[in-house]
Amino acid sequence: MSTAPDITSVAPRDRAEILAQALPYIRRYHGKTMVIKYGGNAMTDPSLQQDFAEDVVLLKLVGINPVVVHGGGPQIETLLKRLGKKGEFIQGMRVTDAETMEVVEWVLAGEVQQDIVGLINQAGGKAVGLTGRDGAMIRARKLRMADQADPSREHDVGQVGDIVGIDPAVVKALQDDQFIPVVSPIGFGEQNESYNINADVVAAKLATVLQAEKLLMLTNIRGVLDKDMQLLTELTPRRIDELVADGTISGGMIPKIAGALDAAKSGVNAVHIIDGRVPHALLLEVLGNEPFGTMIRSH
Ligand code: ADP
Ligand code: MG
């Protein structure tokens with residue numbers, strides 16, 4: 001991808017002008033919560049990782065409350081491969097047997113979460129890593145997944161979780177202080193068993209229970225594309241139904257769009273799927289005045 005422009009080449013006068021232009025947005029969003037889904041594929045490039053961490057810290061410093069929910073598909077895939085296991089997906093969900101669940105927990109709550117926490121801290125923030133177990137945040141049960149074409153058929157995807165409820169108390173406590181919560185999408189069941197939950201689904205539900213101002217989903221593509229690979233800048237619930245039904249929306253975009261739509265319908269003011277491969281994608285969306293990616297409408 002393109003590299004960031006050399007900031008030393010921006011004249012101080014222009015820099016001041018740029019900052020001044022961000023003021024209306026900073027005022028509008030001051031004190032508001034933004035849930036950010038940090039996509040697995042968009043978070044493997046070191047320079048983009050650093051941009052992301054800087055953006056999150058900057059939002060926090062201007063009085064916005066960012067809450068990060070991360071995925072980790074590519075990292076899970078890498079470790080599964082090393083263990084001689086092959087990842088399998090049904091309708092965008094990772095089939096999770098007991099061994100895969102262990103790998104998911106190691107990778108997400110260990111490596112990936114702590115990498116993000118470290119990056120944010122290095123950028124000057126105070127990040128705290130959490131899984132859904134912390135503060136008894138994400139209660140889950142086994143997902144019963146109906147077949148898309150034939151809803152009377154059910155797929156067994158193992159320890160994939162369906163969210164029963166989210167208690168956001170721990171997130172609120174952290175963000176009311178100066179901390180930036182970083183959430184791994186792992187839930188717990190009635191027997192204290194672990195569930196692997198799609199990170200988009202967690203981000204969407206968390207945005208809803210927090211009544212976030214924005215839900216931003218960073219991914220590895222420009223946004224939602226139509227059959228001719230053109231970017232769809234706005235989507236209504238009806239259009240989404242059509243695109244899913246005719247197969248234009250498939251794979252990982254299915255849970256993403258479903259979560260996005262749920263959040264939009266449940267009172268999250270602005271829901272956007274944006275290109276995490278663009279340097280400073282987050283700041284561009286929040287403080288820029290050009291539409292970027294796909295906006296999901298509630299009606
Ligand atoms: P993430 O890490 O962001 O969750 P996923 O791989 O789960 O990434 O989901 C994004 C992927 O969804 C895209 O890379 C693309 O391959 C796929 N996809 C399926 N249908 C569409 C569509 N209509 N528009 C854009 N991407 C789509
Ligand atoms: Mg995904």
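When a ligand or atom number is given, it counts from 1 through the structure's own listing order. Residues take their numbers from the sequence shown, with the count starting at 1. Bear in mind the structure is a predicted one, so any value in this text is a computation, not a measurement.
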Numbered atoms and elements of ligand 1 in range of [X], under 4.0 angstrom, heavy atoms:
X: Thr248; value: 20 (N), 21 (C), 22 (C), 23 (N)
X: Lys256; value: 1 (P), 3 (O), 4 (O), 9 (O)
X: Ile249; value: 20 (N), 23 (N)
X: Thr219; value: 1 (P), 3 (O), 8 (O), 10 (C)
X: Gly39; value: 2 (O)
X: Gly223; value: 24 (N), 25 (C)

Between [X] and [Y] (side chain of the first, backbone of the second, donor and acceptor by atom type, cut-off under 3.5 Å), is there such a pair?
X: Glu285; Y: Ile273; value: no
X: Glu242; Y: Ile240; value: no
X: Arg28; Y: Leu23; value: no

Any nitrogen or oxygen of Ile221, side chain or backbone, less than 3.5 Å from one on ligand 1? no
Asp200 and ligand 1 - part of the residue with a heavy-atom distance under 4.0 Å: side chain
Where on Met217 is there a heavy atom closer than 4.0 Å to ligand 1, on the side chain, on the backbone, on both, or on neither? neither
Go through the side-chain N and O atoms of [X] and [Y] and say whether any donor and acceptor fall under 3.5 Å apart.
X: Asn65; Y: Lys60; answer: yes
X: Asn192; Y: Arg133; answer: yes
X: Arg277; Y: Thr219; answer: no

With a cutoff of 4.0 Å, is Ser250 in contact with ligand 1, counting heavy atoms of the residue only? yes
Would you check whether Ala199 reaches within less than 4.0 Å of ligand 1, judged by its heavy atoms? no
Does anything in residues 257-268 form a side-chain hydrogen bond (donor to acceptor under 3.5 Å, both in side chains)? List the pairs, not counting sequence neighbours. none
Return the set of residues passing side-chain hydrogen bond (donor to acceptor under 3.5 Å, both in side chains) with Asp200 (not counting sequence neighbours), or none when no residue passes. Lys37, Lys256
